[in-house]
Engineer: 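The following block contains the structure, expressed as structure tokens.
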There are 2 protein chains.
Amino acid sequence: MAMLGNNLDSVRRENLSMVLGIVHRRGRVSRSQITHATGLNRSTVAALVAELVALDLVVVREPDASVTTVGRPSPQISPADTHVTIAVNPELDAVTVGVVGLAGTVVHRLRRDVDHALSPAEATAIIADIVAELERGVLVGRTVVAVGVAVPGLVRSSDGVVRWAPHLEWFDQPLAELVATATGYRVAIGNDASLGALAEHLFGVGRDATDMIYLNGGASGIGGGVIASGRPLGGVGGYAGEFGQNRLGIDIGTDRTSPDGTLEDEVSRARLLDVVGLSSADGLRLEQALADASENPAVRAEVSRQLRILSVALSNAINVLNPQTVVLGGFLAALYAFDPVTLEDCVAQQAVPAAFEGVRIVPAALGEDLLMIGAAQLAFEDLLRDPASAAASAATQPTPSATDGENSQ
Amino acid sequence: MAMLGNNLDSVRRENLSMVLGIVHRRGRVSRSQITHATGLNRSTVAALVAELVALDLVVVREPDASVTTVGRPSPQISPADTHVTIAVNPELDAVTVGVVGLAGTVVHRLRRDVDHALSPAEATAIIADIVAELERGVLVGRTVVAVGVAVPGLVRSSDGVVRWAPHLEWFDQPLAELVATATGYRVAIGNDASLGALAEHLFGVGRDATDMIYLNGGASGIGGGVIASGRPLGGVGGYAGEFGQNRLGIDIGTDRTSPDGTLEDEVSRARLLDVVGLSSADGLRLEQALADASENPAVRAEVSRQLRILSVALSNAINVLNPQTVVLGGFLAALYAFDPVTLEDCVAQQAVPAAFEGVRIVPAALGEDLLMIGAAQLAFEDLLRDPASAAASAATQPTPSATDGENSQ
DNA sequence: TGTAATATGTTCTGATATACAACAAATCAC
DNA sequence: GTGATTTGTTGTATATCAGAACATATTACA
């Protein structure tokens, strides 16, 4: 029963965390907006903001001249750009690294293509190399809070071990430890789709949803993430959200290509590329190709087959999780864009009516920044939870080099 | 962005809540155990316990003589039996009402059978009648905190309207309001299976699980509830957990009786009763009947068919929610007991290995008290969240009568 | 242009919850 | 019976937030 009591320190910590969180999510707020959002006293908010300014976490700007309300103008508070995280996304054919500011914006991004499937050690070496490069460039004068890695596979949340990343062929690899040792920074690792869900929840189309499902269609399969009561749903190990492996009931026998296939066996990018005659395409290009071929009966048949199967997956998920919003990313967004009405109708028919009412099915909004923002968010988590001590430890962190090996999350 | 800042009042409130919660869940603890569990100072815990004693919420007993440790013995703290909730479970053929103490034990229970399907108004009248009877009996000298109702259907958590209870044929009925008006107490309403999940989580086999799935097989279908990160998962409307309506993929064509049936179409008590030749039976009697007929090929075939289908539902749920424990209640417990190994093997084959490792599949433990405890827990929620003000308002509540009509949850 | 109204910033004081320290008390170990 | 250990009890100190009073900057309106 590991719950800790609240003392006066925790009040300050939580209030600081709350103020920083508001500034982080909204990007720019007046101090009086913070006062109203928190319900705290003006004087208290002033003190909290002053402490965050002293920690170099937020900056105070002149009141926004464009607002025209009665009363003394309130200064604008924004996240400082001095504290950043490094977001990393290792994929089969490339490693993407980004520098993300506390405002949730990608300051800098860098993609390094590779010609063969990387081992964890090789990926780590590339990451360390890119980080070293960044340290000589954009990171000068900035403080790196942590490194966040979005991995296309299952990650054990307790220690950052990649348990199962079939696409990369990584199994039980202590990636957090490897990257921490190589870069010298604290490292947080998570599943890519779960981090995508987090990103869309905080900065994308899931902004105002407390309960949200995110499904991402990638080259390797379908990943997912769940936000429940405004917080990421991880499960005991952190593996939650594996919608792609679910087995679904489909009413038309010919809809299924195998008798007991999983969602990602039946609904796949490869089949879509196949039917439109492409060898590869990102989400937007695939969407365009599908639209161009919308009169082709074979295309229509395959798309509607996949939509019907996807609708079962969504219905099941809606029955169990009762979300406000369902966000579709990757090729699933292309699938949805081809025929939104059919998908919505199918889901409406199959889901429990009360659970479905009010559900918005929408395509993802964050595009290529999605995983950068998600991974960065994971890395910012400690700072957002306890601004004072995390900022202090980040500032006093030894100069990043290949010496110390911390790990986290 | 409705989040409130912490002030000193909230510290006190949360600490009181935490101490009462510990006493509530563990039933009997020494004060020093509370000190260690909360991390608070001895003197602080002493003050908190003293306040709870003053509120008549806990009682202090002499130190337990049986403990033999060095040092001064610490007094035992237990929940007081003066504060109770009234738990209600309307069913098709009966209304069950229980008086449940803060310790989570059912002090008194009373079942009234009815000969026809009740309307919400009729059910309310019966509930009010039983409550009046209780007020002349066991409730004398006790304070009723609230009434909790476990409904076999979907309940809107915001206002306690029963949206969809097909078994009872109740649709969009403001049951919370009706019962509150009729009894004069604050009323909290929830779905029966979700409350079962809560009960098993707090006092049953899910005690040490932070992430848990509960599936209950009832006469009317299959209901479910989810605990995620130690808290009930409700979704936006409170409808989460409707596993029974999910559509599942099954590998053997003959396993399915309809091409696109839901879980509760395929896995049903009626089919089991049918195959063993009974017209009705509760969980235990069905379990016995199945065991007795374990050599009958027709019984074996139907049970294994249902187990295979159930395994798909569990695998899907495990993939998405990554729980520690899966609890099966009602006839699903009987199904499980018939052949635990087959079910576990099927799930192991179909679920994502990392998500399945360490999952315990277990039958429910609380038996017939399950829904009483779950409904009571819902009713206790306000008191547990804010002991000081809730206890004060319960004490000053107008004498229960058919005058005031509050509702809650 | 000037005054009133409104909202917010700033500063100081007060209330209060918890931590801490010192002492007292009750047990076990030897 | 004495010492060690743990916990209860009491009084003091610290820190945080609320609130009041005043200052300031804007809009509204005559």
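Below, chains carry the letters A, B, ... as their sequence lines are ordered, and counting in each starts from 1.
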Engineer: Looking only at heavy atoms, what is the nearest atom pair of A/Ala376 and A/Ala87, with distance?
Structural biologist: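 Where A/Ala376 meets A/Ala87 most closely, the heavy atoms are N-CB, 4.0 Å.
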Engineer: Atom CD of A/Gln76 to atom P of D/dT26: distance rounded to whole Å?
Structural biologist: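 Rounded to whole Å, this separation is 13 Å.
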Engineer: Rounded to whole Å, please give me the gap between CZ in B/Arg31 and C1' in D/dT6.
Structural biologist: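 Interatomic distance, CZ of B/Arg31 to C1' of D/dT6: 13 Å.
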Engineer: Measure CD/B/Glu62 against C1'/C/dA26 and give the value in whole Å, please.
Structural biologist: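 In whole Å, C/dA26 C1' lies 12 Å from B/Glu62 CD.
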Engineer: Could you state the CZ-C1' distance from B/Arg72 to D/dG3, rounded to the nearest angstrom?
Structural biologist: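 Checked: the CZ to C1' distance equals 18 Å.
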Engineer: Between C1' on C/dA25 and CZ on B/Arg42, what's the gap in Å once rounded to a whole number?
Structural biologist: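 After rounding, the gap between these two atoms is 12 Å.
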Engineer: When you check the phosphate oxygens OP1 and OP2 of D/dA15, does a side-chain N or O of A/Arg12 lie under 4.0 Å from one of them?
Structural biologist: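 The answer is no; no side-chain N or O of A/Arg12 sits under 4.0 Å from OP1 or OP2.
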Engineer: More 5' along DNA chain C: A/Gly71 or A/Ser30, using each one's nearest nucleotide?
Structural biologist: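 Checking each residue's closest nucleotide, the 5'-ward one belongs to A/Gly71.
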Engineer: I'd like to know if B/Ser43 reaches the base of C/dC20 with its side chain, counting only an N/O donor and acceptor under 3.5 Å.
Structural biologist: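 Side chain to base: pair present.
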Engineer: May I ask you to say what B/Pro75 touches in the nucleic acid, namely base, sugar-phosphate or nothing, with a heavy-atom cut-off under 4.0 Å?
Structural biologist: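 Counting heavy atoms under 4.0 Å across all strands, the contact made by B/Pro75 is with sugar-phosphate only.
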Engineer: Is a salt bridge present between A/Arg12 and A/Glu51, judged by a nitrogen-to-oxygen distance below 4.0 Å?
Structural biologist: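 Counted as a salt bridge, because a side-chain N and a carboxylate O are separated by less than 4.0 Å.
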Engineer: Could you state the CG-C1' distance from B/Asp9 to C/dG14, rounded to the nearest angstrom?
Structural biologist: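 Roughly 14 Å, once rounded to whole Å.
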Engineer: Do the side-chain N or O atoms of B/Asn15 get closer than 4.0 angstrom to the phosphate oxygens (OP1, OP2) of C/dA17?
Structural biologist: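 No, B/Asn15 has no side-chain N/O under 4.0 Å of OP1/OP2 on C/dA17.
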Engineer: Looking at the side chain of A/Thr44, which of D/dA18, C/dC20, D/dA4 is the nearest nucleotide?
Structural biologist: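 In terms of side-chain proximity for A/Thr44, the closest of D/dA18, C/dC20, D/dA4 is D/dA18.
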Engineer: For the atom pair CD1 (B/Ile373) and CG (B/Leu198), what is the distance rounded to the nearest 0.5 Å?
Structural biologist: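 So the CD1 of B/Ile373 and the CG of B/Leu198 are separated by 10.5 Å.
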Engineer: In terms of heavy-atom contacts, does CZ of B/Arg231 have more than 12 from other residues, nucleotides or ligands at under 6.0 Å?
Structural biologist: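 At most 12 heavy atoms, drawn from other residues, nucleotides or ligands, come within 6.0 Å of this atom.
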Engineer: Is the shortest side-chain heavy-atom distance between B/Gln76 and B/Val29 below 4.5 Å?
Structural biologist: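 Answer no - side chains too far apart.
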Engineer: Check whether any side-chain nitrogen or oxygen of B/Ser32 sits under 4.0 Å from OP1 or OP2 of D/dT7, and answer yes or no.
Structural biologist: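 For B/Ser32, the contact criterion (side-chain N or O under 4.0 Å from OP1 or OP2 of D/dT7) is met.
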Engineer: When the nearest nucleotide of DNA chain D is assigned to A/Val11 and to A/Thr69 on a heavy-atom basis, which residue is associated with the more 5' position?
Structural biologist: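 Per heavy-atom nearest nucleotide, the more 5' residue is A/Val11.
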Engineer: In whole angstrom, give the distance that lies between atom CZ of A/Arg13 and atom P of C/dA17.
Structural biologist: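 Distance check: A/Arg13 CZ to C/dA17 P gives 19 Å.
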Engineer: With a 4.0 Å cutoff (strictly under), does any side-chain N or O of B/Ser74 reach OP1 or OP2 of D/dG8?
Structural biologist: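 Indeed, a polar side-chain atom of B/Ser74 lies that close.
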Engineer: Between A/Glu14 (CD) and D/dC17 (P), how many Å, whole number?
Structural biologist: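 After rounding, the reported distance stands at 11 Å.
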